[in-house]
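Presented below is the structure to which this report refers.
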Amino acid sequence: MIDLTPMGDIRVDPQRQRATAQGGALLGALDAATAPYGLATTAGNVSHTGVGGLTLGGGMGWLAREHGLACDNLLSCEVVTASGDVVRASAEENDELFWGLRGGGGNFGVVTRFEFRLHRTDPRALSVERDFPVAGAMAPAARWRDLSEGAPRQATYTASVGGGVATLGFVWTGDPEQGRDHARSLEALGEPVARRDVESSYLDLQRRDDDVQGHTQRRYWKGHYVRELSDAAIAALLAHDPSVSAGLQAYGGAIADVADEATAFSHRSAAFEYVVATRWSDPDEDDVRMATARQSAEALAPYSSGAYVNALSDDGVAGVHRAYPPAKLARLSRLKDAVDPDNVFHLNHNIAPSRAATAR
Ligand SMILES: Cc1cc2nc3c(=O)[nH]c(=O)nc-3n(C[C@H](O)[C@H](O)[C@H](O)COP(=O)(O)OP(=O)(O)OC[C@H]3O[C@@H](n4cnc5c(N)ncnc54)[C@H](O)[C@@H]3O)c2cc1C
């Protein structure tokens with residue numbers, strides 16, 4: 001294992017609206033460095049996630065519907081290749097490598113520096129949640145889905161199901177008053193048993209799940225992309241075992257503006273990402289916890305249009321095939337032939353070289 005933890009520096013150029021992050025930087029450091037200038041780029045929802053893995057797999061966050069995925073905001077990468085060369089990849093230099101780094105994961109080298117485009121970002125945010133008992137949540141969830149289709153890009157619709165409760169709402173980035181205006185449309189869901197409208201800074205929004213997603217727990221997850229959230233898919237979600245927590249996060253907006261062939265990241269037409277997750281502490285519970293999560297994900301499988309490479313766990317080669325359609329996987333394999341023919345970087349969701357009989 002190559003430990004990039006000591007390489008965590010961030011540099012910001014506020015005039016050019018650029019930031020560079022070293023390969024081992026965490027999202028929290030990136031957000032904290034850009035915020036004083038009123039700037040940000042898309043980063044994930046938990047601040048102790050690495051910039052590296054998140055960006056190389058795609059990078060979904062609350063700004064993505066406005067500004068694209070983290071990988072869509074990449075301008076260049078400095079990469080140490082399998083042969084030990086240090087190369088720059090951008091739209092102008094090593095452009096095929098740059099294509100593969102935007103969604104292909106850590107398959108093509110060690111990225112020692114990421115250069116990101118930054119955006120003027122309002123420092124305020126609003127989280128809107130409405131709770132419904134799972135037993136009566138079918139109609140509200142279907143209306144929530146319909147509302148998500150025409151939602152402004154500042155709103156990222158979210159839903160979670162667990163412990164007998166379905167929570168429907170959205171996260172709003174920017175002026176909370178505008179968010180509250182939009183929240184009025186949620187009255188169409190019916191009367192919830194609880195409502196939460198929580199105003200925060202954008203930075204606090206980015207950290208709000210840090211504790212609950214702490215490092216000391218055992219965890220397991222499975223995911224799907226869903227192009228159309230049918231009523232049947234919603235019913236399957238609501239029927240999950242209450243011990244697991246499953247969530248939906250809306251895609252669309254600027255994510256779907258980027259041409260599919262522009263990056264290795266696939267599934268830009270997904271309406272939602274579904275993830276079922278379970279966390280526990282007693283190793284004796286491993287089997288039952290994982291089996292329950294697998295069963296839940298299996299129930300959503302008929303509605304799946306693929307998977308996010310960063311949400312794969314023990315899915316193996318089949319998972320890689322769900323993350324990339326055949327033509328993309330073939331192009332990624334050709335890139336692997338060119339930059340890592342011996343599959344040095346294989347302890348990942350592996351893109352095997354096309355000449356390899358099997359992945360290592
Ligand atoms: C609590 C939690 C919350 C999450 N929230 C989000 C979210 O909001 N949005 C989202 O899109 N994803 C999210 N994810 C998924 C996340 O994107 C993946 O788990 C991702 O792999 C994390 O990257 P990392 O660098 O932290 O992890 P690591 O385990 O260190 O790395 C993951 C993979 O990337 C490779 N890699 C990492 N850095 C580099 C580098 N510099 N150069 C080359 N290869 C590298 C590693 O070798 C490994 O194969 C979340 C994950 C967790 C655990």
Side-chain angles (χ1 to χ4, degrees), residues 1-9 20-31 41-65 68-74 77-82 86-87 89 97 100-116 156 158 171 205-223 225 245 247-251 255 265 267 270 273 275 277-279 307-313 315 319-320 323 339-340 343-351:
M1 184 174 80
I2 302 168
D3 180 8
L4 296 184
T5 311
M7 299 178 63
D9 274 4
T20 53
Q22 283 189 318
L26 299 184
L27 297 180
L30 178 60
D31 280 333
T41 196
T42 303
N45 305 349
V46 172
S47 82
H48 49 72
T49 311
V51 170
L54 178 123
T55 305
L56 294 170
M60 175 60 186
W62 302 127
L63 296 179
R65 284 173 42 81
L69 299 167
C71 74
D72 298 330
N73 289 289
L74 255 188
C77 293
E78 178 188 79
V79 188
V80 180
T81 64
V86 180
V87 301
L97 176 58
L101 292 172
R102 288 172 293 156
N107 274 286
F108 306 109
V110 179
V111 179
T112 45
R113 193 158 48 223
F114 295 87
E115 184 190 11
F116 290 102
T156 303
T158 58
V171 165
L205 171 70
Q206 291 291 83
R207 299 188 279 243
R208 74 169 184 183
D209 293 331
D210 282 10
D211 290 342
V212 67
Q213 297 286 1
H215 293 295
T216 55
Q217 299 157 357
R218 307 172 85 75
R219 65 174 72 229
Y220 186 79
W221 65 20
K222 289 263 174 208
Y225 278 131
S245 156
L248 295 169
Q249 185 171 3
Y251 272 53
I255 304 166
F265 178 84
H267 306 297
E273 185 194 351
V275 176
T278 176
R279 293 191 297 272
Y308 178 24
V309 71
N310 278 348
L312 299 178
S313 53
D315 306 64
V320 173
V339 297
D340 184 15
N343 207 3
V344 171
F345 301 108
H346 63 276
L347 295 176
N348 45 30
H349 301 300
N350 195 229
I351 310 285

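Starting from 1, each residue takes its place in the sequence as its number. Being a predicted model, the structure only gives us computed values, none of them experimental. When a ligand or atom number is given, it counts from 1 through the structure's own listing order.
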Practice prompt. Could you tell me whether atom 23 (O) of ligand 1 has a protein heavy atom closer than 4.0 Å?
Written response: yes
Worksheet item: To which of V79, T49, L69 does the heavy atom nearest atom 4 (C) of ligand 1 belong?
Response: T49
Worksheet item: If we only count N/O pairs under 3.5 Å, is G61 in contact with ligand 1?
Response: no
Item to complete: For atom 51 (C) of ligand 1, find the nearest protein heavy atom and state the residue, atom name and distance (0.1 Å precision).
Response: W221 CH2, 3.2 Å
Worksheet entry | Y308 vs Y225 side-chain heavy atoms within contact, under 4.5 Å | yes
Discussion item. Considering both backbone and side-chain atoms of G106, is one of its nitrogen or oxygen atoms within less than 3.5 Å of a nitrogen or oxygen in ligand 1?
Written reply: no
Practice prompt. Would you verify that at least one protein heavy atom lies under 4.0 Å from atom 37 (C) of ligand 1, or report that none does?
Written response: yes
Worksheet entry | V46 N/O to ligand 1 N/O under 3.5 Å | no
Could you list the donor-acceptor pairs under 3.5 angstrom formed between side-chain atoms of residues 47-60 and any protein atom two or more places apart in sequence or on another chain?
unit_1: S47; atom_1: OG; unit_2: D210; atom_2: OD2; d: 2.5
unit_1: H48; atom_1: ND1; unit_2: H215; atom_2: NE2; d: 3.4
unit_1: H48; atom_1: NE2; unit_2: D210; atom_2: O; d: 3.1
unit_1: H48; atom_1: NE2; unit_2: Q213; atom_2: O; d: 3.3
unit_1: T49; atom_1: OG1; unit_2: V46; atom_2: O; d: 2.9
unit_1: T55; atom_1: OG1; unit_2: V51; atom_2: O; d: 2.7

Worksheet item: Could an N or O of ligand 1 be found under 3.5 Å from any N or O of H48, whether backbone or side chain?
Response: no
Worksheet item: With a 4.5 Å heavy-atom cut-off, do T42 and L69 have their side chains touching?
Response: no
Item to complete: List for me each residue that meets ring-ring contact (aromatic ring centres under 6.0 Å, His included) alongside F114, sequence neighbours excluded, and say none if there are none.
Response: none
Worksheet item: Do any heavy atoms of Y308 fall under 4.0 Å from ligand 1?
Response: yes
